[in-house]
Every structure is written in C-alpha cells, then in structure tokens.
Amino acid sequence: AAENERAIRTYERLGFRPVGLLRQYERGDDGTFHDGLLLELLASDYRARRAAARSRENAESQDTLKLGMRSAQEADVPTLLPMMVAFNRHEGIPWDPGAGEGPLRHLLRNPELGRVLLFSEEQVNHIDASPLGYAVVTYGFDLEFGGRDAFLTELYLEPRRQAQGLGQQAMKLLLSDARAQGVNALHLQV
C-alpha cells in the first residue's frame, strides 16, 4: 500500500528500492481503490549488502561476546521457569509457573510441537554454561508457505544482558535453527 509508510521504511532498510507507483492497484475494505508501491531488490544488490554486512559483523565480532544456543531439555525446567516468570511479568501476563510447568514439559517431550532454546554467552575458548535467556518456537503447517511454519512466541534475555546486541545474535541463531528444522516461515507474535 503506497500510504503504508512504516512498511515502506522497513522494506527500504532491507535494501528494497521504490521503482513505480501502481495507481488504483487494489480495492480496499471500503470498496475504493488504493495505490500500491512497487519495490525491488535485485539479487546483485542483495549479495553486495550481505557481503558488506558480513564484513561489518566480522570486524565487530573480534571483541564482542557471542551468543550460543542449544535445545532445552526437561532437566532445564528449573532454570527456565524463573526466566518465564520474568518474561510474563514484563509482558503484563499473569502466569503461574506451577500451572505452566506441565505444558512446558509437554513441549520439551514432543519436538514435533516446537522447540525451547536456551541462550548462553560464548567467548573464544570459553563457554558460559549458565543460560541468560530463552526462546519458545512452536510449529504449525500452512499450505501458503509450502509446509511447516512456526511462531516465535517468547524471546527473553536477562535484563543485565539487554542492549548489548545479543538480541540480534539470538534472532540470527533462531532463523538458522528454524531453517534447519524445515521451517518455511517464522512468524513473530507480539
């Protein structure tokens, strides 16, 4: 939609460029026609942006902490529950860990439903095994996306570790893991 400035800014940040206005492109819910904006991202532009981003990441990663990720197991429930309490408190969701433990264990026992992932810091020749966050990804199936899709329903990093770029690292790890699990679309629930 040509009037959707937020979406256009998002696409432009990803490298898309406006190339044309599609006048009266689609009919809105109100029955009137609205303009559309045609944007493009050429493969060569995409590759150049990716190469520049990798170069920046390599330069930044020389001295920054890296995030590691692993699948949570049932033995991790005592570690997960306090973080889940903190996540839900921050979201303003009344959540009882006693009632939530059963569904959490069910998800951990049934990998076809999704994954719970734990994050920890990694440095060269050192891994801090104490988790500093977690994510919950649950699976669905959608013909539009050609099979398995997923929802990222929870993403939490301890407050002391926020605003350090670890959230971006967490998302990259999650996307890579989702691809490895055969996920064709990852939806974010906010």
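This chain uses plain numbering: 1 for the first residue, then up along the sequence.
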Determine, using the 4.5 Å side-chain heavy-atom cutoff (strictly less than), whether I93 and M84 are members of one ILVMFWY cluster.
no
Using the ring of each side chain (for Trp, its six-membered ring), is Y134 parallel, tilted or perpendicular to Y156, with breaks at 30° and 60°?
tilted
Under-4.0 Å salt bridge between D45 and R17:
yes
Tell me if a side-chain donor or acceptor on D76 pairs with a main-chain N or O of Q73 at a distance below 3.5 Å.
yes
Would you say E74 has more than 12 foreign heavy atoms packed within less than 6.0 Å of its CD?
yes
Linking I/L/V/M/F/W/Y whenever their side-chain heavy atoms sit closer than 4.5 Å, directly or via other members, would L38 and Y25 fall into one cluster?
yes
Of all the heavy-atom pairs spanning L21 and A2, show the shortest one and how long it is.
CD1-CB, 3.9 Å
Within a reach of under 6.0 Å around CD of E5, are more than 12 heavy atoms found that belong to other residues, nucleotides or ligands?
no
Min side-chain heavy-atom separation E3-L37 under 4.5 Å
no
Crowding at CZ, F141 (>12 non-hydrogen neighbours, <6.0 Å):
yes
Are the side chains of L113 and H106 in touch, meaning some heavy atoms are under 4.5 Å apart?
yes
Determine whether more than 12 heavy atoms belonging to other residues, nucleotides or ligands lie under 6.0 Å from atom CG of D29.
no
Could you tell me whether Y11 atom OH has more than 12 heavy atoms of other residues or ligands within 6.0 Å of it?
no
Tell me yes or no: between the side chains of E112 and Y139, is some donor less than 3.5 Å from an acceptor?
no
Does N4 reach the main-chain N or O of A7 with its side chain, forming a donor-acceptor pair under 3.5 Å?
yes
Output yes when a side-chain donor or acceptor of R148 lies under 3.5 Å from a complementary backbone atom of Q181, and no otherwise.
yes
Side-chain donor/acceptor of D149 to backbone N/O of A185, under 3.5 Å
no
Can you get from L81 to M83 by hopping between Ile, Leu, Val, Met, Phe, Trp and Tyr side chains that sit under 4.5 Å apart?
yes
Would you say the side-chain atoms of N88 pair up with the backbone N or O of W95, donor to acceptor, closer than 3.5 Å?
no
